[in-house]
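Structure record follows, encoded as structure tokens.
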Amino acid sequence: MTDGDGAPFLDAARDLAATVAAHVEGDERAGPRWPHVGQDGRSCYPADIYSGQAGVALFLGTLAALDVDRSASHGALARRALAEAWRSALERAWVTPAAMCGEGGLLWVEAALARLRPDDEDARRRVAVGLDALLARGRTTANELFYGAAGAIVTWLSTHSLTGHPAALAAAEACGEQLERSALQRPDRSGRFWRWGKMSPLGGLEDPTVYVGLSHGPAGIAYALLELAVATGEERFAALGRAGLAFVLERGTTDVDRFGGTVYPIHDDPRSRTITYWCHGAAGIAIALLHAARLDEEQRPRWRAAADDALAATDHFLTTRTVRAAGQCHGVAGLIEAFIEAGLVTGERRHLDRARELARVHLLPRGKRDGHDRLVFPAETPPPGVGVGLGQAGVGLALLRLAVPERVVHHALVIAPGSALADS
């Protein structure tokens with residue numbers, strides 16, 4: 001299943017899955033679930049990939065599909081957890097279709113697990129049922145990749161690539177049209193941008209903040225629009241995606257001596273500090289640029305060069321700074337993901353080799369045994385921190401991608417023909 005270089009990462013993923021499984025809550029009435037501790041210190045049980053049940057189930061279910069002989073019990077737990085999360089989500093009148101921070105994550109994960117088990121008709125049936133449920137209840141007035149229309153495009157296109165259902169493509173196109181209507185432009189600058197705002201039952205909560213990066217900014221939105229352009233054949237979405245990336249690239253600062261490459265600010269504000277993480281900054285922007293270049297042949301040389309500069313800054317940051325957390329959003333795993341994506345998109349082995357080298361030095365040694373002899377990595381939430389964005393499941397997904405990168409697609413991207421998962 002994995003080559004010799006990937007074996008240590010698979011072993012660590014197995015150990016980490018045991019840790020995650022040991023922290024499950026629930027009973028016969030509630031079903032299995034994992035808590036997320038909010039900033040107010042209270043526990044909640046969201047459904048999404050970033051902090052909720054979908055992300056934990058993605059890690060456990062992916063491991064079970066790749067490691068059938070030794071991890072089948074984790075797959076059964078993931079299945080029960082997804083069923084409970086669906087039950088809870090569908091009690092609501094409306095849900096957020098974005099995959100990363102919305103209930104759309106449940107559908108994205110169902111599609112991801114179904115692709116790993118192509119002969120499992122029950123898995124495909126669950127995708128079809130979930131699609132119908134999300135189409136009936138899903139809506140968002142936000143724009144970005146984590147909560148908004150761009151994230152919903154990821155959900156709808158991932159499902160369409162598996163089912164071919166025209167309603168999924170139509171829903172994605174409607175999200176693209178929302179992004180057309182809400183795009184803004186500085187009078188003295190080129191490119192297009194979108195304001196940040198979360199969804200509420202009463203409508204969008206607009207915020208004057210303008211982010212730049214993958215999670216909440218034009219980098220992630222542009223990537224989704226370019227995926228949509230390929231899926232629909234609509235040049236208007238491609239043009240808007242190019243304009244979004246133009247906005248991002250104008251805000252990069254290249255300083256090889258200081259940063260090792262090109263870095264980006266968190267916000268579109270001269271006072272904003274630069275950052276190099278996956279959520280905000282060079283690592284996430286590198287991922288967006290790599291996939292944008294894959295989708296747009298004309299812009300490929302320019303965007304590949306910009307991605308290389310962002311990767312250089314990411315490498316410099318990881319090797320010269322102390323990154324305290326191990327996880328995805330602001331941690332070592334998320335930085336390493338950029339190199340995995342570079343290897344998959346470009347086909348250049350050196351990127352995967354670098355990802356594994358960085359992981360051997362900066363990620364694997366972070367894993368420690370707790371008082372119960374369970375493997376735990378430093379998390380950004382109160383320990384043990386289970387979710388994908390800030391905790392153990394996110395580290396586990398990175399370990400699986402380091403072990404068998406050609407089988408596991410990045411959890412923020414469209415599962416589509418041409419992705420690592422679709423080609424496996």
Side-chain angles (χ1 to χ4, degrees), residues 144-145 150 183 185-186 189-194 210-227 229-230 237-270 272-319 334-348 350-352 354-355 358 410 412-414 418:
E144 32 89 297
L145 190 68
Q185 186 171 11
R186 301 277 191 223
R189 305 288 289 273
S190 63
R192 304 296 291 273
F193 69 95
W194 293 260
V210 177
Y211 287 95
V212 176
L214 182 70
S215 58
H216 307 306
I221 294 171
Y223 157 71
L225 284 165
L226 289 163
E227 289 276 18
V230 171
F237 297 134
L240 188 56
R242 293 185 201 108
L245 285 181
F247 180 91
V248 173
L249 292 176
E250 278 193 351
R251 281 141 186 88
T253 299
T254 302
D255 187 332
V256 175
D257 292 333
R258 184 179 176 191
F259 301 121
T262 303
V263 295
Y264 295 85
I266 301 174
H267 308 117
D268 180 33
D269 186 325
S272 177
R273 66 189 179 99
T274 60
I275 197 169
T276 313
Y277 291 120
W278 168 74
C279 52
H280 306 292
I285 289 171
I287 292 174
L289 288 166
L290 285 162
H291 283 276
R294 171 178 61 82
L295 295 161
D296 191 322
E297 185 175 359
E298 182 179 342
Q299 297 294 324
R300 187 169 299 158
R302 180 183 179 216
W303 288 345
R304 279 271 181 91
D308 286 343
D309 289 342
L311 281 173
T314 302
D315 197 313
H316 181 269
F317 179 78
L318 184 51
T319 53
L335 296 171
I336 289 172
E337 291 277 10
F339 297 92
I340 299 174
E341 284 306 304
L344 291 171
V345 171
T346 67
E348 296 179 17
R350 63 185 177 92
H351 293 301
L352 176 58
R354 184 57 177 160
L358 290 168
H410 191 285
L413 304 178
V414 172

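Looking at residues two or more places apart in sequence or on another chain, you find a side-chain contact (heavy atoms from CB on, under 4.5 Å) between Thr276 and Val263, Ala282, Thr314, Phe317. Checked against side-chain contact (heavy atoms from CB on, under 4.5 Å), Gln185 has the following partners two or more places apart in sequence or in another chain: Arg192. Ala222 meets the side-chain contact (heavy atoms from CB on, under 4.5 Å) test with Leu245; sequence neighbours excluded. For the ring pair (Phe, Tyr, Trp, His ring centres under 6.0 Å) test, residues two or more places apart in sequence or in another chain that qualify with Phe193 are Phe247.
Ile285 places a side-chain heavy atom less than 4.5 Å from the side chain of Val212. Between Ile336 and Leu318 there is a side-chain heavy-atom pair separated by less than 4.5 Å. Between Leu289 and Leu249 there is a side-chain heavy-atom pair separated by less than 4.5 Å. Contact check for Tyr264 versus Thr274: no side-chain heavy atoms found under the 4.5 Å cut-off.
Contact between Ala338 and Leu290 at its shortest, heavy atoms only, is O-CD1, 4.1 Å. Scanning all heavy atoms of the two residues, the minimum distance from Ala238 to Ala229 falls at N-CB, 3.5 Å. In terms of heavy atoms, Ala283 sits closest to Gly334 at CB-O, 4.4 Å. Taking both residues in full, the closest heavy atoms of Tyr223 and Ala412 are given as CE2-O, 4.4 Å, listed atom of the first, atom of the second, then distance.
Aromatic pair His216/His280: ring centres closer than 6.0 Å.
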Review item, side-chain donor-acceptor pairs of residues 299-311, under 3.5 Å, at least two apart:
unit_1 : atom_1 : unit_2 : atom_2 : d
Arg300 : NE     : Ala293 : O      : 2.7
Arg300 : NH2    : Ala293 : O      : 3.4
Arg300 : NH2    : Arg294 : O      : 3.1

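Atom SG of Cys279 sits about 12.0 Å away from atom CG of Leu145, to the nearest 0.5 Å. In this structure, Leu240 CG and Ile221 CD1 are separated by 9.0 Å, a value rounded to the nearest 0.5 Å. Between Leu352 atom CG and Phe339 atom CZ the span is 12.0 Å, to the nearest 0.5 Å. The distance from the CD1 atom of Ile340 to the CG atom of Leu335 is 11.5 Å, given to the nearest 0.5 Å. Atom CG in Leu214 sits 16.0 Å away from atom OH in Tyr277 (nearest 0.5 Å).
The stretch residues 240-269 participates, sequence neighbours left out, in these salt bridge (charged side-chain N to carboxylate O under 4.0 Å, His left out) pairs: Arg186-Asp268, Arg189-Glu250, Glu235-Arg242, Arg242-Asp296, Arg251-Asp268, Asp269-Arg271.
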With side chain to side chain contact (heavy atoms under 4.5 Å, CB included) as the criterion, how do Ile287 and Leu413 come out once you've worked through the C-alpha distance, each side chain's angles and the decisive distance to 0.1 Å? CA-CA 10 Å; Ile287 292 174; Leu413 304 178; 4.3 Å; yes

